[in-house]
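The figures that follow rest on heavy atoms only: side chains count, while hydrogens, waters and symmetry mates do not.
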Amino acid sequence: MKEKKVGKSFSIYWNEEDIQSNISLQAKLAEEGIELPEFKITSYIEGVEHYLRDIKNAVTKMKNWKVTKHISLGFFFFYKICNVQ
């Protein structure tokens, strides 16, 4: 990731490491009885579309939920939680 200035836009680059599903989100959705599918890397862009379709199908029973192609990024400092004494 290449940050320009605080509060300004930045660019994100894939370093070609494996992409993993969000295990925290999987666990939270499991509490609601929703099984979030695993993301499988494919050599074609349609693989992302198929994944989003699978997620949309997984959450169909949730009222007022929808799947979009937008993302939000956040920086979370878990060490604050882990180091509380």
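The minimum heavy-atom distance between Val67 and Val59, with the atom names listed, is CG2-CG2, 4.1 Å.
Judged as a side chain to side chain donor-acceptor pair (under 3.5 Å), not a single pair has a partner in residues 50-67 (not counting sequence neighbours). For residues 28-40, the set of pairs meeting the side chain to side chain donor-acceptor pair (under 3.5 Å) definition, not counting sequence neighbours, comprises Ser21-Glu38, Gln26-Glu38, Lys28-Glu31.
One distance of note links CG of Leu25 with CD1 of Ile55; it measures 8.0 Å at 0.5 Å rounding.
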